[in-house]
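Below, chains carry the letters A, B, ... as their sequence lines are ordered, and counting in each starts from 1. Below, each value reflects all heavy atoms present in this structure, side chains not excepted, and no hydrogens, waters or symmetry copies.
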Amino acid sequence: MTADLFAADRRHVALDPGALLLGGFALDEAPRILAAIACIAARAPLRHLETPGGRRMSVAMTNCGEAGWVSDRSGYRYAAHDPLSGLPWGAMSPLFRDLAVRAALAAGFPGFAPDACLINRYEPGARLTLHQDKDEAFHTAPVVSVSLGVSATFLWGGQARGDKVRRHVLHHGDVVVWGGPARLTFHGIAPLPVDAHPLTGPLRYNLTFRQAR
DNA sequence: AAGTAACG
DNA sequence: CTAC
């Protein structure tokens, strides 16, 4: 960890060894990121995936990058093509990639090479119950998560499902990075409150970058 | 199963 | 919080 990591103008929270919340990291890029999300969603619409148990997820999802995370009755997996259209997911823009790489570096993970960017859209009440990101082929690379729009409560657990869960509010522009010993930490998002943000109205968007392959 | 119901 |  270097000194510039902890610049005085930046809120930062060490969640655990290997896990860091970088406050306001993506603020400058946020309007361009939101415009890019609209372009991605025009090609690969945000949709409510089904869990293997047949339940509709409350969060709407799409992807860009070489691999996209999908779920249906047959399971969770990464796919090179959008199951809705059969087309490859759109390319990950340098704007997205550079942001993720800079955040990973700032959190102590140099050389991050994401090939997957999952885009999540939360409406009021949408949530993600506690889970692990473990569908990637290797867990040597960190997870980088970018928050935009309405603030949400991040649920940060431990290495076992039953471990104590801490809550941290994630604001517009916040980035969370977890890797190394924290790579498989259980995490989730509490139901999104009814709220409004100048750039997104009632919605929260989240970008999750991973190296899936 | 990244979700929900049931419970005390 | 536990069970499925």
Side-chain angles (χ1 to χ4, degrees), chain A residues 15-16 18-19 21 37 40-41 44-84 89 92 96 100 114-139 141-170 174-179 182-194 202-213:
Chain A
L15 302 180
D16 265 327
L21 192 172
I37 290 172
I40 293 162
L46 286 149
R47 83 294 302 258
H48 296 272
L49 298 175
E50 221 166 37
T51 65
R55 260 61 175 258
R56 175 191 133 116
M57 295 182 74
S58 58
V59 176
M61 301 178 168
T62 188
N63 293 276
C64 66
E66 294 162 35
W69 188 86
V70 293
S71 173
D72 60 22
R73 284 190 182 87
S74 66
Y76 304 146
R77 64 191 169 279
Y78 281 91
H81 300 263
D82 181 353
L84 272 187
W89 302 105
M92 192 186 305
F96 280 27
D115 58 7
C117 174
L118 174 63
I119 297 159
N120 296 146
R121 183 192 65 198
Y122 293 75
E123 299 176 20
R127 75 194 74 185
L128 273 187
T129 58
L130 217 56
H131 66 280
Q132 293 171 299
D133 291 13
K134 60 177 183 185
D135 303 311
E136 300 73 29
F138 306 98
H139 300 141
V143 176
V144 174
S145 169
V146 179
S147 293
L148 299 164
V150 168
S151 299
T153 298
F154 189 47
L155 308 174
W156 184 252
Q159 303 309 298
R161 184 173 286 279
D163 288 352
K164 175 181 174 182
V165 177
R166 287 188 168 79
R167 291 171 176 250
H168 299 271
V169 178
L170 297 182
D174 287 355
V175 176
V176 184
V177 182
W178 63 98
R183 177 60 180 75
L184 293 177
T185 302
F186 279 91
H187 60 282
I189 291 286
L192 194 74
V194 175
L203 305 175
R204 170 179 189 262
Y205 289 92
N206 171 260
L207 270 42
T208 305
F209 296 90
R210 309 184 187 90
Q211 197 169 322
R213 305 291 175 224

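- Across B:dC7 and B:dG3, the matching P atoms stand 22 Å from one another, rounded to whole Å.
- Applying the side chain to side chain donor-acceptor pair (under 3.5 Å) test between A:Arg183 and each of A:Gln132, A:Glu136, A:Gln159 identifies A:Glu136 as the sole match.
- A:Val70 approaches A:Asn63 most closely through the heavy-atom pair CG1-ND2, 4.5 Å.
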With a cut-off of 3.5 Å and sequence neighbours excluded, list every side-chain donor-acceptor pair involving residues 121-128 of chain A.
{"from": "A:Arg121", "atom 1": "NH2", "to": "A:Glu123", "atom 2": "OE2", "distance (Å)": "3.3"}

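- Using a 4.5 Å heavy-atom cutoff, the side chains of A:Phe96 and A:Ile40 are in contact.
- Within the shown strands, nothing qualifies as a pairing partner of B:dA6 under the Watson-Crick or G-U definition with both distances less than 3.5 Å.
- Under the 3.5 Å distance criterion, with hydrogens and angles disregarded, no donor-acceptor pair is assigned to the side chains of A:Trp69 and A:Asp133.
- Taking the P atoms as reference points, B:dG8 lies 22 Å from B:dT4, given to the whole Å.
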Exercise. Quick one, give me the B/S/- string for nucleotides 2-8 of chain B, reading 5' to 3', where B means a protein heavy atom under 4.0 Å from the base and S means that only happens at the primed atoms, P, OP1 or OP2.
Key: BBB----

